[in-house]
Amino acid sequence: MNSKEIRAKYLEFFKARGHAIVPSASLIPENDSSTLFISSGMQPLIPYLLGEKHPEGKRITNSQKSFRTEDMEEVGDNRHNTFFEMLGNWSLGDYFKKEQLPWFFEFLVDEVGIDPKRLYVTVYRGNEKIGIPRDSEAVEIWKKLFASKGIDAKDADLAEEKGLQDGRIFYYPDKKNWWSRSGSPEKMPVGEPGGPDSEVFYDMGVDLKRHENSPWKNEPCHINCDCGRFIEIGNSVFMEYIKTEKGFEKLAQKNVDFGGGLERITMVSQGKTNIFETDLFVNVINKIFRLSGGKEYKDNQKAFEVIADHIKAATFIMGDDRGVCPSNTDQGYIVRRLIRRAIRYGKQLEIKSEEGGWTKEIAKIIIHDYSDVYPELGRNADFVVEQFKTEEEKFAKTLERGLKQFECEKSKTENGNDDAECKIISGSSAFDLYQTYGFPIEMTIELATEKGFTVDENGFNEELKKHQDLSRTASAGKFKGGLADSSEETKKLHTAAHLLLAALRKVLGPDVVQKGSNITAERLRFDFSQKEKMTPEQIAKTEKLVNEAITADLPVRCEEMPLAEAKEKGAMGVFESKYGEKVKVYKVGEEKPFSYEICGGPHVDHTGELGHFKIAKEESSSSGVRRIKAILE
């Protein structure tokens, strides 16, 4: 079964069980510009998981475009992508475990044809400290499902210490089988929803990395190890808790949040051991083979996979209807890093950059292969191709500067001395070449070898680890999707953001559109399209209009209607790719609304609840985009 058949079959499977099929959301988040990209299907759904009514009902399903920056260094291990498609289904206060687990099992075994003997599952071990019990209910459901296929599924605990123990169902702690946007329970802020989950793993059949030099060779074999034998293909999150000042309490509704990787499900369906061997990548891999002059994928696996993954990811990000181009900040920086990393690995394969570059030729194949599912790629094809061409030309110049810097580092190291200890490029110098000029350590080593030098690889790895640790620390606090929390203050600032956009359009003109926002309980940060810096008079007038709307104590009403009707009535909405047939429109004011926007919520009932609106700062965000930081006093 090819990937298109699996994607379509999944959506139809859940449609037949009462789910509305909704389009993928944009890769660029709606309510939070501090979250760089959508990395899971649930991120755009947080308001509905917290109790807002979804316009399409309580059961929805889709295939969500997703991107995870943190997986960039993992590409090349047979299972990781930066860009991937997440097959998802959600119950918003409707069905729960006894429906969800059998449905996914049925889909995998009866619809896709996966051998149930190769499936293993995990469940939540429980945590007495926070008052959340062991998930014995899920265990009993799984036992019955496996028994229906003639499999005696034993449950086991402490697999990370004792190994498989002839088990098929395994209990794991918070770190492995609890899911929230923030991670484990202790990391969750007040107002964050989460819950225990049950993951399904596929046995690849061999210990792919348990060779003599494997870092896992002395550890017990268990399914949640990273050795490569077992691969997760789906995760059902039972999101029924919210963190409060008092601890964990039940949400007003029990939710199911399921996500399954299309790439991984396709891989196991097709009997492969590598996602890059599936039909999702075959045309791109073949193109790299031709561009490299016939170099074989099996002999250059990592280079092929980095190029294929990174150019696909950059194509989808730039090809989004809210797509961004390469730059030195935020999403644009990630796009630039993806493209340049692909080019560097292209040099390892000796791909020649002819006039106009080669990366765009791979992008054209991706656009062709995916446009029927994601038509925005076709709409934005010219923009994508031009950006690849321009970025490749820019990087060629950067590489020249990097090579000069290498010669400088070599000269400083040598310092006219032929002693062996003076012919070692330091780890910090090698890392500077990597960080500033985009030189992979392999390129530095190759250049050093040609000149009779060596490189302190251990020192480089230490510097790289420091950098990655700092990046992860920053990411843990920064990259969370949706509104920062569900508090009343955050809700007020969300409504204030609607008033701000309406006021900006009145002051600066109707071409102003929202480019993103980050809303916490303390302040809002709002990005909007505008080339010139706002004058003090424009800022003051914007503030005045917002405060007049607040003083008028206007009602805030939610209406549900078809998307076409919302457009006809003039509703603002720059994130329309996420909406299906029906949308929610929030109207501020009655006969002549002050604001009329497509939005998932939540909002206050009257503007008089907001207090006094104050713009604290107006500054540049990126090319053609300004940023306002504001508070409610």
Check: Atom CG in L499, atom CG in L493: separation rounded to 0.5 Å?
Finding: 10.5 Å
Next item on the list: Give a yes or no on whether the backbone of I233 and the side-chain of R264 come within a donor-acceptor separation of less than 3.5 Å.
Entry: no
Note to self: Between K569 and E565, is the salt bridge (Lys or Arg N to Asp or Glu O under 4.0 Å) condition met? List the steps.
What the structure shows: CA-CA 6 Å; K569 289 184 174 181; E565 183 182 340; 3.1 Å; yes
Margin query: Here's a test for you: under side-chain hydrogen bond (donor to acceptor under 3.5 Å, both in side chains), which of D135, D174, N177 qualifies with Y124?
Written below: D174
Check: Can you tell me how far OG1 of T122 sits from CG of D197, rounded to the nearest 0.5 angstrom?
Finding: 6.0 Å
Next item on the list: Could you tell me whether a side-chain N or O of K58 sits under 3.5 Å from a main-chain N or O of D94, the two making a donor and an acceptor?
Entry: no
Next item on the list: Quick one: pull up CD in E597 and NZ in K587 and give me the separation to the nearest 0.5 Å.
Entry: 14.5 Å
Item checked: Residues in side-chain hydrogen bond (donor to acceptor under 3.5 Å, both in side chains) contact with S180, at least two apart in sequence or another chain -> none
Check: Can you list the steps and then say if R17 with E99 is a salt bridge (Lys or Arg N to Asp or Glu O under 4.0 Å)?
Finding: CA-CA 10 Å; R17 286 152 183 80; E99 293 88 2; over 6 Å; no
Notebook entry, point to check: Which atom names give the shortest non-hydrogen contact between G57 and L92, and what distance separates them?
Noted result: O-CD1, 3.8 Å
Check: Does E140 use its side chain to pair, donor to acceptor, with the backbone of E137 at less than 3.5 Å?
Finding: no
Note to self: Quick one, S269 with I6, criterion side chain to side chain contact (heavy atoms under 4.5 Å, CB included). Give me CA distance, side-chain angles, the key distance, then yes/no.
What the structure shows: CA-CA 9 Å; S269 168; I6 292 173; 3.9 Å; yes
Checklist line | Closest heavy-atom pair and its distance - F383, C325 | finding: CZ-CB, 3.9 Å
Next item on the list: State, with a plain yes or no, whether a side-chain heavy atom of F528 is found less than 4.5 Å away from one of M534.
Entry: yes
Next item on the list: Kindly determine whether K492 and E489 satisfy salt bridge (Lys or Arg N to Asp or Glu O under 4.0 Å), including the steps that lead there.
Entry: CA-CA 5 Å; K492 289 178 182 178; E489 293 306 311; 3.3 Å; yes
Item checked: E186/S184 under side chain to side chain donor-acceptor pair (under 3.5 Å): CA gap, chis, key distance, verdict -> CA-CA 6 Å; E186 67 271 12; S184 56; 2.9 Å; yes
Next item on the list: Quick one: closest heavy-atom pair of L554 and G589, and the distance?
Entry: CB-N, 3.9 Å
Checklist line | Cation over ring face, K144 and F105, 6.0 Å, 45° | finding: no
Note to self: Tell me if a side-chain donor or acceptor on T266 pairs with a main-chain N or O of L262 at a distance below 3.5 Å.
What the structure shows: yes
Note to self: Does any part of the side chain of E376, heavy atoms only, come nearer than 4.5 Å to the side chain of K65, both counted from C-beta?
What the structure shows: yes
Check: Does any non-hydrogen side-chain atom of K254 lie less than 4.5 Å from one of S91?
Finding: no
Checklist line | Minimum side-chain heavy-atom gap T607-F613 below 4.5 Å | finding: no
Checklist line | Residues in side-chain contact (heavy atoms from CB on, under 4.5 Å) contact with K4, at least two apart in sequence or another chain | finding: N2, R7, D372
Notebook entry, point to check: In Å and rounded to the nearest 0.5 Å, what is the CG to CD distance from L27 to Q331?
Noted result: 10.0 Å
Next item on the list: Verify whether the ring centers belonging to W103 and Y95 lie closer than 6.0 Å.
Entry: yes
Notebook entry, point to check: With under 30° as parallel and over 60° as perpendicular, where do the rings of F107 and F104 fit, or are they tilted in between?
Noted result: parallel
Margin query: Taking the side chain as everything from C-beta on, heavy atoms only, tell me whether E590 gets closer than 4.5 Å to P555.
Written below: yes
Note to self: If I compare all heavy atoms of A502 with all of F594, which pair ends up nearest, and what's the gap?
What the structure shows: CB-O, 3.2 Å
Notebook entry, point to check: Can we say E619 and K629 salt-bridge, meaning some charged N sits less than 4.0 Å from an Asp/Glu carboxylate O?
Noted result: yes
Next item on the list: With side chain to side chain contact (heavy atoms under 4.5 Å, CB included) as the test, would you mind laying out the steps for E85 and E263 before giving the verdict?
Entry: CA-CA 7 Å; E85 291 179 77; E263 288 78 6; 4.2 Å; yes
Next item on the list: Quick one: pull up NE2 in H612 and CG in L632 and give me the separation to the nearest 0.5 Å.
Entry: 9.5 Å
Check: Is any side-chain heavy atom of L251 less than 4.5 Å from a side-chain heavy atom of L50?
Finding: yes
Check: Where do N255 and W90 land on the side chain to side chain contact (heavy atoms under 4.5 Å, CB included) test, with the steps shown first?
Finding: CA-CA 7 Å; N255 305 294; W90 293 270; over 6 Å; no
Next item on the list: Apply side chain to side chain donor-acceptor pair (under 3.5 Å) to D309 and T82, showing your working.
Entry: CA-CA 7 Å; D309 170 85; T82 55; 2.7 Å; yes
Note to self: Name the residue from I615, N518, I519, L500 that meets the side chain to side chain contact (heavy atoms under 4.5 Å, CB included) definition with F526.
What the structure shows: L500
Item checked: Under 3.5 Å donor-acceptor, E609 side chain and H606 backbone -> yes
Margin query: Quick check against the 3.5 Å criterion: does R505 have a side-chain atom that pairs as donor or acceptor with the backbone of P510?
Written below: yes
Check: So, does S236 use its side chain to make a donor-acceptor pair with the main chain of L101 at under 3.5 Å?
Finding: no
Check: Side chains of P185 and K243: does their closest heavy-atom pair fall under 4.5 Å?
Finding: no
Margin query: Can you confirm whether Q538 sits close enough to E618 that some side-chain heavy atom of one is under 4.5 Å from a side-chain heavy atom of the other?
Written below: no
Check: Does I28 offer a backbone N or O that forms a donor-acceptor pair with the side chain of R322 under 3.5 Å?
Finding: yes
Next item on the list: Start with the C-alpha gap between Y48 and E56, add the side-chain angles, then the distance that decides, and say whether side chain to side chain donor-acceptor pair (under 3.5 Å) holds.
Entry: CA-CA 11 Å; Y48 309 114; E56 291 291 351; over 6 Å; no
Next item on the list: Pick out which of D321, D320, T315 makes a side-chain hydrogen bond (donor to acceptor under 3.5 Å, both in side chains) with N380.
Entry: D321
Next item on the list: Report the C-alpha separation of E537 and K541 in whole Å, then their side-chain angles, then the decisive distance to 0.1 Å, and conclude whether the salt bridge (Lys or Arg N to Asp or Glu O under 4.0 Å) test is met.
Entry: CA-CA 6 Å; E537 293 77 16; K541 188 173 181 181; over 6 Å; no
Next item on the list: Could you tell me how the ring of F316 sits relative to the ring of F83: parallel (under 30°), tilted (30 to 60°) or perpendicular (over 60°)?
Entry: parallel
Next item on the list: Using modelled atom types only, decide if a donor and an acceptor are shared between the side chain of Y10 and the backbone of N89 within a distance under 3.5 Å.
Entry: yes
Notebook entry, point to check: Between the main-chain N or O of S3 and the side-chain N or O of D279, is there a donor-acceptor pair closer than 3.5 Å?
Noted result: yes
Next item on the list: Begin from the C-alpha positions of F67 and I38 and carry the test side chain to side chain contact (heavy atoms under 4.5 Å, CB included) through to its verdict.
Entry: CA-CA 6 Å; F67 177 85; I38 292 295; over 6 Å; no
Item checked: Distance in Å, M188 CE paired with I242 CD1, rounded so as to fall on 0.5 Å steps -> 8.0 Å
Checklist line | Heavy-atom closest pair, residues R59 and G18 | finding: CB-O, 3.4 Å
Next item on the list: Provide the closest heavy-atom pair for N547 versus G611 in the form atom of the first, atom of the second, distance.
Entry: OD1-O, 4.3 Å
